[in-house]
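Only heavy atoms go into these numbers, but all of them, side chains included; no hydrogens, no water, no symmetry mates.
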Amino acid sequence: MLIYFSFLAAALYLIAAALPFQRASLSGWIAGAGWVLHGISLWSHVFAGDMLRVGFSVMLSAALWMTVTAYSWENRGFHFGGIKYLLLPPAALAAIAGGVFPGNLVALAGKPVMFPWHVAVALMAYSTLTIAAFHAAIMLMQDKHLHRLRARSLKPWMAHLLDQLPALMTMEKVLFRLLSVGFVLLSLTVLSGILFSEQVLGVVFRWNHKVVLSLFSWLLFGVLLAGRHWQGWRGKKVLTFTLSGFIFLLLAYVGSHFVLEVILHRSAG
């Protein structure tokens, strides 16, 4: 039944994205229904009785669901405007990813009490920083559109889409709110993994690619926030740091799970 919820959520997202701007209210209701079904499906997929499901598809699905949540909150409803063309199709793909790549089940029996909390905080950190990266990518396109950095202008439909977005300064304020929250959550994730690995995760801490890439991502986001606070960083430098930090985080979590689950067909522990 839950797999049908996922596909129905994806279909509703795509229908909402396909509707013209003149049907914004109907589009919003349909996107909202898709968001509800996506959330139900995601929750039931992750928490399967006394088991916890992990995997790259879970992370992507949670990240895109949180992204839809964040933008609907910013707009006080599911009226995304032009951004729906960039947001809802990826959300549709993420909604059905769990049915194609189900990930792995981890038994909670015998795990430390803090283990589910660590996983939940890590998912929230990844999701929030995914939203920030998505937001930064949109800002980059918006900046190029405004300054005509390309030899030729954008396609008319893309130009119209970007014209529907708030001013860059407003977008930048939203970006730093997302980055601040994401950095705090990522700090908790990294610190719990390093300092309390055996107590929280049930395994002895070891340096591996995931730890190194996560720390590098954490460092980039920390430098960015410090640069903003002390040096007033703005513009392309901010966007470059944001996207670079996210790429390292993507490689640390989703990348490793994708390689193990899809390419090597191994359990991602």
Side-chain angles (χ1 to χ4, degrees), residues 1-49 51-106 116 119-135 137-138 161 164-165 178 182 185 246 250 253-254 257-258 261-262 268:
M1 176 63 71
L2 292 174
I3 189 65
Y4 296 117
F5 277 22
S6 299
F7 279 93
L8 183 56
L12 291 173
Y13 280 151
L14 293 176
I15 291 170
L19 288 173
F21 286 116
Q22 293 81 358
R23 308 298 297 275
S25 180
L26 177 60
S27 177
W29 280 105
I30 293 175
W35 173 82
V36 171
L37 291 175
H38 186 181
I40 294 172
S41 174
L42 177 63
W43 178 270
S44 302
H45 189 66
V46 173
F47 299 99
M51 308 283 280
L52 187 71
R53 191 180 301 275
V54 296
F56 85 96
S57 64
V58 170
M59 294 179 183
L60 285 178
S61 185
L64 268 297
W65 186 83
M66 284 294 296
T67 305
V68 174
T69 304
Y71 277 105
S72 66
W73 176 259
E74 284 294 328
N75 290 279
R76 300 300 184 267
F78 293 91
H79 304 290
F80 301 109
I83 209 170
K84 71 176 183 177
Y85 298 118
L86 301 175
L87 171 61
L88 295 181
L93 290 175
I96 62 175
V100 181
F101 305 109
N104 301 282
L105 288 170
V106 177
V119 173
V121 171
L123 271 175
M124 286 191 292
Y126 177 77
S127 300
T128 306
L129 292 171
T130 298
I131 301 168
F134 179 80
H135 195 86
I138 293 173
L161 183 153
Q164 307 301 312
L165 300 178
L178 294 169
L185 292 170
F246 175 71
L250 187 73
Y253 287 91
V254 176
H257 281 276
F258 182 84
E261 294 172 31
V262 180

| note | Scanning both residues in full, the closest heavy-atom pair of Thr128 with Leu178 reads CG2-O, 3.4 Å

| Between Ile30 and Leu19, which heavy-atom pair has the shortest distance, and what is it? | CD1-CD1, 3.8 Å

| request: Give, for atom CG of Leu93 and atom CG of Leu88, the distance between the pair rounded to the nearest 0.5 Å. | output: 11.5 Å

| query | Under 6.0 Å between ring centres, would you say that holds for Phe5 and His38? | reply | no

| said: How close do Tyr85 and Ala17 get, counting heavy atoms only, and between which atoms? | reply: CE2-O, 2.9 Å

| Taking all non-hydrogen atoms of both residues, which atom of Pro89 and which atom of Leu14 are closest, and how far apart? | CA-CD2, 4.0 Å

| Rounded to the nearest 0.5 Å, what separation is found between the OH atom of Tyr13 and the OG atom of Ser27? | 12.0 Å

| Without hydrogens or angle criteria, can the side chains of Trp35 and Thr69 be said to hold a donor-acceptor pair below 3.5 Å? | yes

| said: Once rounded to the nearest 0.5 Å, what's the spacing between atom CG of Leu42 and atom CG of Leu60? | reply: 11.0 Å

| said: Contact between Phe246 and Tyr126 at the side-chain level, heavy atoms closer than 4.5 Å - yes or no? | reply: yes

| query | Do you know which two heavy atoms are closest between Gly34 and Ala9, and how far apart they sit? | reply | O-CB, 3.4 Å

| task | Identify the two heavy atoms, one from Ser6 and one from Ala95, that lie closest to each other, and give their separation to 0.1 Å. | result | CB-O, 3.3 Å

| query | Distance from Leu64 atom CG to Ile131 atom CD1, nearest 0.5 Å? | reply | 9.0 Å

| In Å, rounded to the nearest 0.5 Å, how long is the span from OG of Ser41 to CG of Leu37? | 8.5 Å

| field | Point-to-point distance, once rounded to the nearest 0.5 Å, from CE of Met66 to OG1 of Thr130 | value | 10.0 Å

